Amino acid sequence: MTFNYFQVKAIDNDKGHNGQVRYSIVQQPNQKGTKFIVDEVTGDIRTNKARGNPPLEGVCSFKVEITDINDNPPLFDRQEYRENVKQDTPKGTNILRVSASDEDADNNGAIVANLTAPYDPTDLDYFEINPDSGWISL
């Protein structure tokens, strides 16, 4: 009996914990089981069962998919946002827009804006933010 195997290798240049790579096999919805197992640390992929003697030959195809985790912080276009608002500014006026980008893929890179008032929660009575566009209005 022999177990055939090969190895996949991925490198993540992030520092520390964010740079650790783990391997797994994702089972498809219509699949009844997997014929392979993967070592999550080394990337060694092996057949799940011993092959007979004499070994038979078979062909298998698979897809390697690299998924992204939320490991990059958003980058804002400014370090600080400040704006002076005149007392007679009409309600609903757009005051300023916050903008950020995120290098993460898919939903991990989605930016959703919100306002907080760390010192006085009533400060939020005067402003609102559009979570998608980043516009802060009076």
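Model, not experiment: these values are computed from the prediction.
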Heavy-atom closest pair, residues Ser137 and Gly92 = CB-O, 4.0 Å
More than 12 non-hydrogen atoms from neighbouring residues, nucleotides or ligands closer than 6.0 Å to CG on Asn84, yes or no?
-> no
For Val112, all residues meeting side chain to side chain contact (heavy atoms under 4.5 Å, CB included), sequence neighbours excluded = Pro131
To the nearest 0.5 Å, what is the distance between CG (Asp132) and CD1 (Ile111)?
-> 11.5 Å
Do the non-hydrogen side-chain atoms of Lys9 and Tyr23 ever get within less than 4.5 Å of each other?
-> yes
Heavy-atom closest pair, residues Pro118 and Thr116 | CD-O, 3.6 Å
Out of curiosity, Ile45 CD1 to Ile25 CD1, how far, rounded to the nearest 0.5 Å?
-> 5.5 Å
Value rounded to 0.5 Å, distance of CD in Glu83 from CZ in Arg97 = 14.5 Å
In short, Ala117 meets Asp123 closest at the heavy-atom pair CB-CB, 4.1 Å
When rounded to the nearest 0.5 Å, the distance separating CG of Asn94 from CH2 of Trp135 is 5.0 Å
With a cutoff of under 4.5 Å between side-chain heavy atoms, which Ile, Leu, Val, Met, Phe, Trp and Tyr residues group with Ile95?
-> Phe76, Tyr81, Val85, Leu96, Val98, Leu115, Leu124, Tyr126, Phe127, Ile129, Ile136, Leu138
